[in-house]
Number of protein chains: 2
Amino acid sequence: MNHIRPDTRPLYMLVIDRIKELSSSGEWSPGTRLPSEFELAKQFGVSRATLREALRVLEEEGLVVRRHGVGTFLAERSVVRAGIEQLFSVTEWIERANRVPGTVEKQVGEMLPTEQDRDRLGLSERESILCMTRIRTADGDPVVYCEDRIPTRVLRHGWRGFDGSLFELLEAAGRPIAYAQTEIKPVAYHDTVFPALDVPAGEALLLLEQLHFDANDQPVLLSSNYFRTDTFHFHVLRRRP
Amino acid sequence: MNHIRPDTRPLYMLVIDRIKELSSSGEWSPGTRLPSEFELAKQFGVSRATLREALRVLEEEGLVVRRHGVGTFLAERSVVRAGIEQLFSVTEWIERANRVPGTVEKQVGEMLPTEQDRDRLGLSERESILCMTRIRTADGDPVVYCEDRIPTRVLRHGWRGFDGSLFELLEAAGRPIAYAQTEIKPVAYHDTVFPALDVPAGEALLLLEQLHFDANDQPVLLSSNYFRTDTFHFHVLRRRP
DNA sequence: AATAGGTATGGTGTCAGACATCTGACCGGA
DNA sequence: TCCGGTCAGATGTCTGACACCATACCTATT
């Protein structure tokens, strides 16, 4: 075929993006029937097989509903985006709320991992970790309290040029984060964290304990983030198994 | 072809189930390479196109990793199951912890919805709702505080024969729950709930505010569940968008 | 011997076309 | 009015082919 494609990602992903574009731009409204697979494939210039791969994923995500012998429909209730299952850095999260992210450093330095750290990050006793404690701000207000641990060996170029986003730091080190195992816990009080975030009396914090992995399933970051819930809302779309 | 299939679900779903079986039964261990698509298709007696639909979904779920020109591999870290994105009833949840579910009824009755209820459930002013407040127990210990609201019109046969599981009640009414929009909130204290659950001092509860929908995207149940986190753990696999 | 480059092989990615099966609407006769 | 047949159009599945990619191996050059 010798086609020249500017984007090297698989074709079906480009189709997915295009469909999401069309649906979120209001081109197609919720509940309407999409053109037939044959028609869509022709329109996008891909084969029906490729188009179907895209639709299969979209169906799995809940954006479209397919009915045998009838057609493919845009879901009635557009899936709530940015649920907790989507992994954003704290920086990104603050920006998505249209606020300006900032950082107040409390502690940064190398140290030896505890046994629990070693266990979860898969380290030997001698390997050191970069450990930091920070308060993240939105428009100057303290909103998240962060404790992060990164194996020193992961950071080939040290941590110079570090500007607040660990995600970018790890990307620059060639170990971009792909996913995270996250535990969700409510916190009624904490001697250090609550005063630092200036939490009003009676309010609780939401703690996300996260173990982050790179694309090769290697753990690269262990973090505990305490969120003020008057600023951040957490939701998720739960489905019957 | 004129094949007679006992299971009427789409073929690719059966393939998915079979693959999950093989991987969870230890037939295939994490990290190993699966047989080639051609080989697998032959083995399962389906076409490569169908097999690929199954693999596409499994890849999206994170159970397998596909590499162009190399092969398809079982994911190194098996995806954490029963994350918060899977919707279980409280009854099921307690059973999954190998404990015996029970119910202490506090209040059950029909009443008129508040404006917020009407808004979220899509009701008119005159329609009544079935409203109940209950404490769920595990082996007799109070572990979840539940407030539930169901539009009366949904329950065609009334609510006789109700045994504790709203999911089963709605299934019997022909409106089985398909998914729920869930908001996650930490709660530091609540005058009614905390004493009722006998929460130890200093411990917080996790509140899930859920709007449940049936398969036709119609809201059928609005619930607020307060969970004791010494009994329930909530986790989720978050992925980069 | 070490290394750079070509080639063979076997994997996934994409395509085109065909037939099977399901659904809803239309239509005509009891 | 009701019921069954028919038909069009949609998704579900299959087949066979070729393109593209990654790796292993071989070869020629250094």
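- Protein atom NZ of Lys42(A) is 17 Å distant from nucleotide atom C1' of dC15(C), rounded to whole Å.
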Identify all pairs in which a protein N or O lies below 3.5 Å from an N or O of nucleotides 8-10 of chain C, and state each distance.
unit_1  : atom_1 : unit_2   : atom_2 : d
dG10(C) : N2     : Gly69(B) : O      : 3.1

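- Side-chain proximity of Arg67(B) to dT23(D), dG12(D), dA16(C): nearest is dT23(D).
- Nearest to the side-chain atoms of His68(A) among the listed nucleotides dG12(D), dT13(D), dA16(C) stands dG12(D).
- Checking dC15(C), dC21(D), dG12(D) against the side-chain heavy atoms of Thr50(A) singles out dC15(C) as nearest.
- The listed nucleotides are dC14(D), dC15(C), dG13(C); the one nearest the side chain of Val46(B) is dC14(D).
- From one end of the helix from dA1(C)-dT30(D) to dA30(C)-dT1(D) to the other, with five pairs defining each end axis, the axis direction shifts by 10° (rounded to 10°).
- The base of dG11(C) lies outside donor-acceptor range of the side chain of Arg66(B), with no N or O pair under 3.5 Å.
- Spacing between atom CD of Glu39(A) and atom C1' of dA10(D) amounts to 12 Å, rounded to whole angstrom units.
- Rounded to an integer number of Å, the gap from CZ of Arg52(B) to C1' of dG16(D) is 15 Å.
- Taking the ring axis of Phe73(B) as reference, the NZ or CZ atom of Arg66(B) does not stay both within 45° of it and closer than 6.0 Å to the ring centre.
- Atom CZ of Phe38(A) and atom C1' of dC19(C) are 15 Å apart (whole Å).
- Put simply, CZ on Arg48(A) is 13 Å from P on dG17(C), counting in whole angstrom units.
- Here Thr72(A) reaches the OP1 or OP2 of dT11(D): one of its side-chain N or O atoms lies under 4.0 Å away.
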